[in-house]
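Below is one structure, written out as structure tokens; comments come after it.
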There are 2 protein chains.
Amino acid sequence: MSLKHAILVLLETEPSSGYDLMRHFKQNLGYFWNAKHQQIYQQLKTLNEEGLITCTIESQVSKPDKKVYAITPNGEAELTSWISSEVKPNKINDALLVKLYGGHLASKPNLLEELDRHITFHTTTLEKLIQIEKTYLNFPPIKQSKYLLPYLTLRRGIIGENAWLSWAKEAKSAIKK
Amino acid sequence: MSLKHAILVLLETEPSSGYDLMRHFKQNLGYFWNAKHQQIYQQLKTLNEEGLITCTIESQVSKPDKKVYAITPNGEAELTSWISSEVKPNKINDALLVKLYGGHLASKPNLLEELDRHITFHTTTLEKLIQIEKTYLNFPPIKQSKYLLPYLTLRRGIIGENAWLSWAKEAKSAIKK
DNA sequence: TTTTGCATGTAAAGGGTTACATGATTAC
DNA sequence: GTAATCATGTAACCCTTTACATGCAAAA
């Protein structure tokens with residue numbers, strides 16, 4: 001259960017609405033945490049009931065009202081304790097690999113097309129991450145060291161996507177033969 | 001929903017009991033699909049009710065009875081149709097990266113210890129995969145080409161774990177500074 | 001004698017997806 | 001006029017984890 005903690009981490013940086021968090025997940029954190037808006041709104045409700053965050057309604061000009069959530073001292077305590085505890089290594093459930101494993105039931109063109117679709121997706125993701133990295137590398141050294149830890153998670157994305165793509169290349173040429 | 005299909009893929013190769021499948025998931029497929037025994041037994045029950053698999057009880061000497069499941073023609077049809085359809089790219093939810101992202105709330109030694117724990121885990125996984133690869137590479141060419149697709153999923157594991165480890169190395173030395 | 005392996009499950013709770021639902025504003 | 005962006009939610013269902021539950025055989 002870490003959507004809870006992912007949200008707390010984001011709120012610890014700055015108070016945000018559910019919609020803000022949603023964008024954050026999509027843009028910045030998408031390569032390591034994903035959540036749908038329904039899940040985020042529900043989780044915010046729960047965290048609010050648990051007293052880990054507070055809610056303030058903000059009126060806006062020519063835009064709907066916003067519910068801005070901020071972390072409470074209790075929330076900070078919960079987050080700090082979680083951050084200091086051990087996390088289990090990630091569970092991997094990869095449907096594409098299940099497909100490949102049983103790929104003798106599909107046609108070769110079918111498999112290659114599917115691989116290409118995924119290659120397109122991963123290439124786009126990698127390009128986005130590289131763009132973000134460029135921004136980071138243009139920061140002055142002080143700002144760079146301030147954002148080192150988020151940058152390292154970005155590096156994980158870049159290294160991971162590169163590895164995925166080189167695997168896909170290998171797999172494609174092996175299947176073609 | 002692919003535990004269903006992961007099980008069908010395995011049963012398509014050979015009839016197995018829930019316990020057999022569980023071992024299979026732990027040993028061979030653990031780097032791309034994970035499931036607990038409770039989930040497997042439940043899913044087998046469902047698949048049986050849906051008529052995608054059949055169940056035969058096998059008595060054994062000095063061991064408990066076994067329920068051996070086999071795929072039915074309906075199951076084969078379902079599996080073939082799934083294999084030929086598109087799969088969504090994997091959702092990534094990585095708690096360790098959430099922790100790192102908010103790592104300013106933890107101590108440096110704490111972060112490094114956690115990284116080391118995960119490095120140990122990934123190193124062990126990689127070693128196991130390399131052992132399996134060695135076995136494959138000693139197969140005669142005909143057998144190699146027969147098991148090419150499962151081998152490619154193994155390659156994904158090896159390339160992925162190598163990438164993870166080189167990231168972790170980079171992350172550790174960046175944090176130490 | 002205690003642990004490991006074989007073999008199977010139920011029940012409750014938690015986490016995540018899909019479908020349904022609304023409504024204003026802004027840009028094309 | 002049509003699509004996208006902003007903004008929030010409920011309900012049903014599906015998937016996964018954790019806790020509880022049993023029992024024999026073999027090996028350490």
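Residue numbers begin at 1 in each chain, while the letters A, B, ... track the order of the sequences. Computed from a prediction, not measured in an experiment: that's the story for all the values here.
As a whole-Å value, the separation of A:E49 CD from D:dG9 P is 12 Å. For the pair A:H5 NE2 and C:dG14 P, the interatomic distance rounds to 14 Å; values are reported in whole Å. If you measure from atom CD1 of A:I92 to atom P of D:dT16, you get 15 Å, rounded to the nearest angstrom. Here C:dG16 presents its P atom at 6 Å from CG of B:N93, a figure rounded to the nearest Å. The CD1 atom of A:I40 sits 14 Å away from the P atom of D:dC6 (whole-angstrom rounding). One atom, NZ of A:K66, and another, C1' of C:dT25, lie 15 Å apart when rounded to the nearest Å. Atom-to-atom, OH of A:Y19 to P of D:dT5 comes out at 7 Å; the value is rounded to the nearest Å. Spacing between atom CD of B:Q43 and atom P of C:dG9 amounts to 14 Å, rounded to whole angstrom units.
The aromatic rings of B:F32 and A:Y101 sit tilted relative to each other, their planes meeting at an angle between 30° and 60°. Ring geometry, B:F139 versus B:Y147: the interplanar angle falls from 30° to 60°, so the pair is classed tilted.
An OP1 or OP2 oxygen of D:dG9 is reached within less than 4.0 angstrom by no side-chain nitrogen or oxygen of A:Y41. Between B:K45 and C:dT8 there is no side-chain N or O to OP1 or OP2 distance below 4.0 Å. Within the structure, a side-chain polar atom (N or O) of A:R23 is placed less than 4.0 Å from OP1 or OP2 of D:dC6.
Residue pairs satisfying the salt bridge (charged side-chain N to carboxylate O under 4.0 Å, His left out) criterion with at least one member in residues 76-86 of chain A, sequence neighbours excluded, are listed as follows: A:E86-B:R117.
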*Begin with the C-alpha distance, continue with both residues' side-chain angles, and end with the deciding distance and a verdict on side chain to side chain contact (heavy atoms under 4.5 Å, CB included) for B:I53 and B:L8.*
CA-CA 8 Å; B:I53 60 177; B:L8 289 177; 3.8 Å; yes
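At a cut-off of 3.5 Å, with distance as the only test, no side-chain donor of A:H24 or A:E14 sits close to an acceptor on the other residue.
Counted within 6.0 Å of CG on A:L137, heavy atoms from surrounding residues, nucleotides or ligands total more than 12; the atom is thus considered enclosed.
Nearest-nucleotide positions on DNA chain C place B:K67 closer to the 5' end than the other of A:W33 and B:K67. Both A:G18 and B:L3 sit near DNA chain D, but only A:G18 has its closest nucleotide nearer the 5' end.
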_Reading 5' to 3' through nucleotides 17-22 of chain C, protein heavy-atom contacts under 4.0 Å coded B for base, S for sugar-phosphate only, - for none_ = BBB---
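Contacts of A:D20 classified as side-chain contact (heavy atoms from CB on, under 4.5 Å), with partners at least two apart in sequence or in another chain: A:S16, A:S17, A:R23, A:K66.
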